[in-house]
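Only one structure is covered here, and it is reproduced in the block below.
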Amino acid sequence: MTESAEDVRAEQARVGRDDGERPGGVQPIQAVQKAVAILNLFTVQESELTLGEIAARLGMSRATAHRYLITLRATNLLAYEPSRGVYSLGVKTLDYASVVQEAALFTSAFVRRAEPVLRRLSEETNYTSVASAWNGESPVLVRIGTPVRRMVMIAMPLYSALPVFDSAQGRIFLAFSEDARRTHAANPRLRELEPELQRAREEKFVSHDVPTDGGTTTMAVPVLVDDTLVGVIATLAFQTTLQEPDLIPIRKELNRAAAELSARVRADTVGRDGQPR
């Protein structure tokens, strides 16, 4: 398949664009972002996609999408079945899966099991609820639950990175995750926050207020499996709608949801002998 000059000129889509700079002032490489965006289209529910489907979902011309697909096939990250004209993840991805399997076992189960727990949490509290996992340097929103009765909700894009030191979720990770503390050991704020982190360990709870954007309060709790932190769940509320009598029942619901999610993750990941499955 050849690519015309018109196709090249027409290709203006910016897949996964983020105009803000990454840590250290390094701008992302857009070609890599586009390739990763293609790989991210493949899920358990949609393990096979056609060229047309990939191009349409990412706003690319078919010619440009085809160029990326050829490159991904050459590196065995994608496979192609000519008889049906469908692409799927290639054999190289199995190598990556085996590398991260053990490390990602708990996180994968946490993400997979979080949605119904968050849905119930939002219904019980009438506030937006979120689940966050650790991405190596900060918490990332991996699942969101929204209340059906509340007309005004806090909208946050899925997979948004959260501040480590200035979010309730970040402070839970710093309190309970050795990986998080090791990553940010050189930051003087870690020492400054130690009294709060110690209180978070004792109470298994953090509440953090953000005065901007109308003022929001985030309440977060850890999801632990045998003292191992697998993720964080939280509720988000506008301070103008949050009443003092709401705090105790919200915290109670957070603890209930965390216990429920912990049990679900444990059932998926830990065998009867207490060892990871």
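By convention here, the first residue in the shown sequence is residue 1. Bear in mind the structure is a predicted one, so any value in this text is a computation, not a measurement.
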CA sep, side-chain torsions, deciding dist, call: Ile54, Tyr68, side chain to side chain contact (heavy atoms under 4.5 Å, CB included): CA-CA 10 Å; Ile54 293 169; Tyr68 280 97; over 6 Å; no

Between Leu72 and Ala35, what is the shortest heavy-atom contact and its length? CD1-O, 4.1 Å

Hey, is the main chain of Glu115 close enough, under 3.5 Å, to the side chain of Arg143 for a donor-acceptor pair? no

When you compare the side chain of Thr235 with that of Met219, does any pair of heavy atoms fall below 4.5 Å? yes

Going by heavy atoms in the side chains, are Val232 and Pro139 under 4.5 Å from each other? no

Minimum heavy-atom separation for Val206 to Ala200, with atom names? CG2-CB, 3.5 Å

Treat each ILVMFWY residue as a node, draw an edge where side-chain heavy atoms are under 4.5 Å apart, and state whether Val225 and Val117 are in one component. yes

For a side chain to side chain contact (heavy atoms under 4.5 Å, CB included) check, start with the C-alpha distance between Leu78 and Ile38, then their side-chain angles and the critical distance, and finish with the verdict. CA-CA 10 Å; Leu78 285 184; Ile38 290 174; 4.2 Å; yes

Any side-chain heavy-atom pair from Leu236 and Thr216 closer than 4.5 angstrom? no

Can you get from Val142 to Phe173 by hopping between Ile, Leu, Val, Met, Phe, Trp and Tyr side chains that sit under 4.5 Å apart? no

Report yes or no: do Ile250 and Val223 belong to one cluster of Ile/Leu/Val/Met/Phe/Trp/Tyr joined by side chain heavy-atom distances under 4.5 Å? yes

Those residues at least two apart in sequence (or on a different chain) that pass ring pair (Phe, Tyr, Trp, His ring centres under 6.0 Å) with Tyr159 are none

So, for Glu53 and Glu48, which heavy atoms are closest and what is the spacing to 0.1 Å? OE1-O, 4.3 Å

Co-membership, hydrophobic cluster, residues Tyr87 and Val36, 4.5 Å side-chain: no

Donor-acceptor check, side chain of Ser160 to backbone of Leu141, threshold 3.5 angstrom: yes or no? no

Identify the two heavy atoms, one from Thr218 and one from Ala234, that lie closest to each other, and give their separation to 0.1 Å. CG2-CB, 3.8 Å

Tell me, do Leu58 and Lys34 make a side-chain contact under 4.5 Å, heavy atoms counted? no

Rounded to the nearest 0.5 Å, what's the gap from CZ on Arg57 to CD on Glu46? Could you check? 4.0 Å

Check Glu124 with Arg256, please: is the shortest side-chain N to carboxylate O separation under 4.0 Å? no

Heavy-atom distance under 4.5 Å between the side chains of Phe205 and Ser207, does that happen here? yes

All heavy atoms of Leu51 vs all of Ala65, minimum pair found to be CD1-CB, 3.9 Å

To the nearest 0.5 Å, how far apart are CD1 in Ile172 and CG in Leu197? 9.0 Å

dist Leu261:CG -> Leu224:CG (nearest 0.5 Å) comes out at 10.5 Å

One thing to verify: whether Arg119 and Glu123 come together as a salt bridge, which I'm taking to mean a side-chain N less than 4.0 angstrom from a carboxylate O. no

Kindly work out whether a path of hydrophobic side-chain contacts (I/L/V/M/F/W/Y, heavy atoms less than 4.5 Å apart) joins Val265 to Leu121. yes

For Val164, is there any backbone N or O sitting under 3.5 Å from a side-chain donor or acceptor partner on Arg171? no

Non-hydrogen side-chain atoms of Ile233 and Val221 separated by less than 4.5 Å: yes

Is any side-chain N of the basic residue among Arg113 and Glu260 closer than 4.0 Å to the acidic one's carboxylate O? no

If we only count heavy atoms from C-beta on, is the Ser122 to Ser129 side-chain gap below 4.5 Å? yes

Rounded to the nearest 0.5 angstrom, the CD-CD distance for Gln198 and Glu203 is 10.5 Å

Hey, is the main chain of Asp179 close enough, under 3.5 Å, to the side chain of Thr183 for a donor-acceptor pair? yes

Stepwise, does the side chain to side chain contact (heavy atoms under 4.5 Å, CB included) test hold for Phe42 with Thr93? CA-CA 12 Å; Phe42 295 90; Thr93 61; over 6 Å; no

Nearest heavy-atom approach of Asp268 to Ala109 is CB-CB, 4.1 Å

Validation row: Asp226, Arg266 side chains within 4.5 angstrom (heavy atoms): yes

Using a 3.5 Å distance criterion without hydrogens, assess whether the side chain of Glu196 forms a donor-acceptor pair with backbone atoms of Leu193. no

Please tabulate, for the side chains in residues 184-191, all donor-acceptor contacts under 3.5 angstrom to protein atoms that are two or more places apart in sequence or on a different chain.
from   : atom 1 : to     : atom 2 : distance (Å)
His184 : NE2    : Glu137 : O      : 2.8
Asn187 : OD1    : Arg189 : N      : 2.9
Arg189 : NH1    : Asp166 : OD1    : 3.0
Arg189 : NH1    : Asp166 : OD2    : 2.9
Arg189 : NH2    : Asp166 : OD1    : 3.2

Is any NZ, NE, NH1 or NH2 atom of the basic residue among Arg181 and Glu178 found under 4.0 Å from an Asp or Glu carboxylate oxygen of the other? yes

